[in-house]
Amino acid sequence: MQSVLFLCHRLPWPPSKGDKIRSYHVLRRLAERYRVYLGTFVDDPADWRYLAQVEALCAEACVRPLPPWRARWRALAALTRGDALTVGVYRDRVMRRWVERLLADHKLELALCYSSGVAPLVMRHAQLRRIMDFVDVDSDKWQQYAQQAGGGVKRMLYQREARRLAEFERTIAAQFDASVFVSEAEAAFFRQLVPESAGRVHGIPNGVDAGYWDPQRACSSPYRPEERVVVFVGAMDYRANVDAACWFAHEVWPRIAARQRDARFYIVGSRPTAAVRALGQLAGITVTGRVEDARPYLAYAHAVTAPLRIARGIQNKVLEALAMEKVLLATPEAWEGIRDFAGRQGCIDASPEAMATEALRWLDAPQAVRVPAARVEVLSRHDWARHLDAYESVLCNAQRGAACVDAVGTAGLEACS
């Protein structure tokens, strides 16, 4: 059995948020075919309870705590060094020593990095076959953050991160043997940025666990009988989700509430920020915080919204809503990377007026309407097994040494002292 070094910026368990859904499924597939050596970080104390389940899949694991204060301190240090903040956050001496010891003691030929922040841990090891799963083009996401920030220091900081991270992404693409993204559209976008490495860039979509996200599963409604609900589900400490929830609450929801007395907007997700919690004080809006199971909230909602204005790649929340046969109210950014299909219900529109009008159409129904065509589309195009087969093909077929070594922006990235 071959061995693989899997470096992941966040514990790949449980599949409770966007990036962890993909890493969770990748880890499980790797454990079936490889001897896995996992290096990862825990930034949510609730995740420590899952450590035993992760370690059971691995030959060895190095799991490092990354509390918010440490991440902020490392980001500040990266700022003073001129590095990308994303790189600085994962600059960890213990992890570096573990990787070096592991590569000295074991005959590893393959390293898979999940998120660009962990790439410096293997930058100097050109003897490895190195694969980078960027997931999204994060540098462009930071550029979107800058555009949303308006002016001032925050905008300047975001623009700086976008530039630094773009340089580093180009370096990784040049030095690694393959780069993977969460959709073909995302891969095509990146190829335009790195034409010299375009031949080693692959788009492999996420799947959806159709057995878990099954509208036929029996569950009780979490809503009051009289409520007609639009729901938004996501990690509510994630900047893009916070922006989306606030935009919908302030721009779309008043148009709905003014015309539908029984309408209610539920914001469902863990660790809501102060800005999100404040939305719960507005008429007709409920902020739940973390829930044990989001499926009942989707199953009994009249419509699911994905009002993202900052987004890259494929949104798992959209795939899950489709798998649950839901009417979907999404922005074009949230729909990116997903093909339209006959029978879809809802709207793909950035206009608050259009989204509110479509929401009211479905809120007028006496009960939530199912959209079977949505689930059919998900089952046909977003099957995890098929996508993981393609993923494994990239791992097996990437040719060591095919990458060029003339890269930019590498100064200081290898030393994690």
- May I ask you to test the Thr40-Val42 pair for a side-chain heavy-atom distance under 4.5 Å? no
- Task: Could you check if a side-chain atom of Arg22 sits within less than 4.5 angstrom of a side-chain atom of Tyr391, using non-hydrogen atoms only?
- Result: yes
- Message: Just to verify, what does Glu358 make a salt bridge (Lys or Arg N to Asp or Glu O under 4.0 Å) with, not counting sequence neighbours?
- Response: Arg361
- Ionic contact status for Arg271 with Asp237, cut-off 4.0 Å: yes
- Measure the acute angle between the ring planes of Tyr223 and Tyr297, then classify it against the limits of 30° and 60° as parallel, tilted or perpendicular. perpendicular
- Item | Main-chain N/O of Pro215 paired with Arg375 side-chain donor or acceptor, under 3.5 Å | no
- Item | Aromatic plane relationship, Phe6 with Tyr114 - under 30° parallel, 30 to 60° tilted, over 60° perpendicular | perpendicular
- Taking every non-hydrogen atom, the tightest pair across Ala31 and Leu57: CB-O, 3.7 Å
- Task: Kindly confirm or rule out a cation-pi arrangement of Arg295 over Tyr212, judged by NZ or CZ under 6.0 Å from the six-membered ring centre and within 45° of its axis?
- Result: yes
- Query: Can Lys141 and Glu161 be counted as an ion pair, charged N to O under 4.0 angstrom?
  - Reply: no
- Task: Give the C-alpha distance, both sets of side-chain angles, the deciding distance and a yes or no for side chain to side chain donor-acceptor pair (under 3.5 Å) between Glu320 and Asn316.
- Result: CA-CA 6 Å; Glu320 291 159 2; Asn316 292 290; 5.9 Å; no
- Query: Got a sec, which residues hit salt bridge (Lys or Arg N to Asp or Glu O under 4.0 Å) with Arg74, two or more places apart in sequence or on another chain?
  - Reply: Asp92
- Do we get Arg130 above Phe176's six-membered ring, with its NZ or CZ under 6.0 Å from the centre and within 45° of the axis? yes
- Query: Taking side chain as C-beta onward, heavy atoms only, is Leu322 less than 4.5 Å from Phe341?
  - Reply: yes
- Salt-bridge criterion met for Arg96 and Glu100 (N-O under 4.0 Å): yes
- Query: Is the His25 ring parallel, tilted or perpendicular to the Trp384 ring (thresholds 30°, 60°)?
  - Reply: parallel
- Task: Starting from the C-alpha separation in whole Å, work towards a yes-or-no answer on ring pair (Phe, Tyr, Trp, His ring centres under 6.0 Å) for Phe232 and Phe248.
- Result: CA-CA 9 Å; Phe232 176 45; Phe248 190 90; 8.1 Å; no
- Arg344 NZ/CZ over Trp335 ring centroid, <6.0 Å and within 45° of normal: yes
- Item | Parallel, tilted or perpendicular, as decided by the 30° and 60° cut-offs, for the rings of His382 and His387 | perpendicular
- Between Glu186 and Arg191, is the closest basic N to carboxylate O distance under 4.0 Å? no
